[in-house]
Amino acid sequence: ENAAGFLWAVLRIEYLQVMLSHLGYPQYFMYIVGGWQQAGAAALISPGFPLGKEWAYAGALFNYSSAIVSHLAVADGPDVWTPALVFAILTVCSCALRPPDRRLPRPTAATQTSAWSWIVPVVILALMLVVARFTLPEPPKF
C-alpha cells in the first residue's frame, strides 16, 4: 500500500488531488508523503535493517492515523475513513507478527532510575513551555 501511495503521488492521480483539497492540504503535500511512502516500502521489503523496518512501520501508522484524524476533522463519514483504519490495523498486526529475526533485539532490563532522573527533565520541559508561551511572535498583518 505504501508503494501504491507513492505511485499515486508520482502519477498525480485525480482522486488524491481532490482528497488533498477536501482535507485542506496543499497539492505539494502528496510529493512529501509519497516520497516517504516509497522509502517505507523499500525498508519493509529489504532484507535485514530491523531499525529501518521499525521506522517504516511507525511512518505507515502515522500516515494512516493522520488520515483518520484528517477525515474526522472535516466530518467525513465512516465510509471515507474506514479504509485508513483497516490499513492502520493491518500495519500494527504486520509489525506485531514479524518473525524474531526481523525484529530489533529486546532491550535489557533498565536499572533503578532515581527521582532526579525524572524531575530534572520535567522541570526543564516546563520552563521551555513557559518561555515558549511568553515569546510567541505577533501574527503577520496582511
Just by distance, with hydrogens left out, do Thr91 and Glu1 show a side-chain donor and acceptor under 3.5 Å apart?
-> no
Mind listing the closest non-hydrogen atom pair of Ala43 and Lys53 along with its distance?
-> O-NZ, 2.8 Å
Please check if the side chain of Trp81 supplies one atom and the backbone of Gly77 the other of a donor-acceptor pair under 3.5 Å.
-> yes
Shared hydrophobic cluster for Val120 and Leu127 (ILVMFWY, side-chain gaps under 4.5 Å) = yes
What pairs with Leu7 under side chain to side chain contact (heavy atoms under 4.5 Å, CB included), at least two apart in sequence or on another chain?
-> Leu11
Name all residues meeting the side chain to side chain contact (heavy atoms under 4.5 Å, CB included) criterion together with Val92; count only those two or more places apart in sequence or in a different chain, and write none if there are none.
-> Leu61
Decide side-chain contact (heavy atoms from CB on, under 4.5 Å) for Met19 and Glu14; before the verdict, give the C-alpha distance in whole Å, the side-chain angles of both, and the deciding distance to 0.1 Å.
-> CA-CA 8 Å; Met19 197 56 69; Glu14 183 181 2; over 6 Å; no
With a cut-off of 6.0 Å (strictly less than), are more than 12 heavy atoms of other residues, nucleotides or ligands near CZ of Phe49?
-> no
Do Arg98 and Pro50 come within less than 4.5 Å of each other through their side chains, counting heavy atoms only?
-> no
Residue of the set Asp79, Thr82, Asp76 for which side-chain contact (heavy atoms from CB on, under 4.5 Å) holds with His71 = Asp76
Mind checking whether Tyr28 and Trp36 sit in one hydrophobic cluster, side chains of I, L, V, M, F, W, Y counted as touching below 4.5 Å?
-> yes
With a 4.5 Å limit on heavy-atom distance, are the side chains of Leu85 and Tyr64 in contact?
-> no
Considering only heavy atoms from C-beta outward, does the side chain of Gln17 approach that of Ile13 to under 4.5 Å?
-> no
Give the minimum heavy-atom separation between Leu16 and Met30, together with the two atoms involved.
-> CD2-CB, 3.8 Å
Path from Trp55 to Leu104 over hydrophobic side-chain contacts below 4.5 Å = yes
Check whether Met128 and Ile119 end up in the same hydrophobic cluster, where Ile, Leu, Val, Met, Phe, Trp and Tyr are linked by side-chain heavy atoms less than 4.5 Å apart.
-> yes
Evaluate the criterion side-chain contact (heavy atoms from CB on, under 4.5 Å) for residue pair Gln27 and Ser21; output intermediate values, then yes/no.
-> CA-CA 7 Å; Gln27 291 299 306; Ser21 294; 3.0 Å; yes
Same hydrophobic cluster for Val122 and Leu125, using side-chain heavy-atom links shorter than 4.5 Å among ILVMFWY?
-> no
Which pair of heavy atoms, one from Ser94 and one from Tyr57, lies closest together, and at what distance?
-> OG-OH, 2.8 Å
Locate the shortest heavy-atom distance separating Ala84 from Ala67; write the atom from each residue and the value.
-> CB-CB, 4.0 Å
By side chain to side chain contact (heavy atoms under 4.5 Å, CB included) - contacts of Tyr25 (at least two apart) | Leu20, Leu23, Phe29, Ser70
Work out which heavy atom in Trp116 is nearest to a heavy atom in Pro121; give both atom names and the distance.
-> O-CD, 4.0 Å
Quick one: does Asn2's side chain get under 4.5 Å of Gln38's, heavy atoms only?
-> no
Answer yes if the ring centres of Trp8 and Tyr15 are under 6.0 angstrom apart, and no otherwise.
-> yes
Can you see which heavy atom on Ser65 is nearest to which on Phe62, and at what distance?
-> OG-O, 3.2 Å
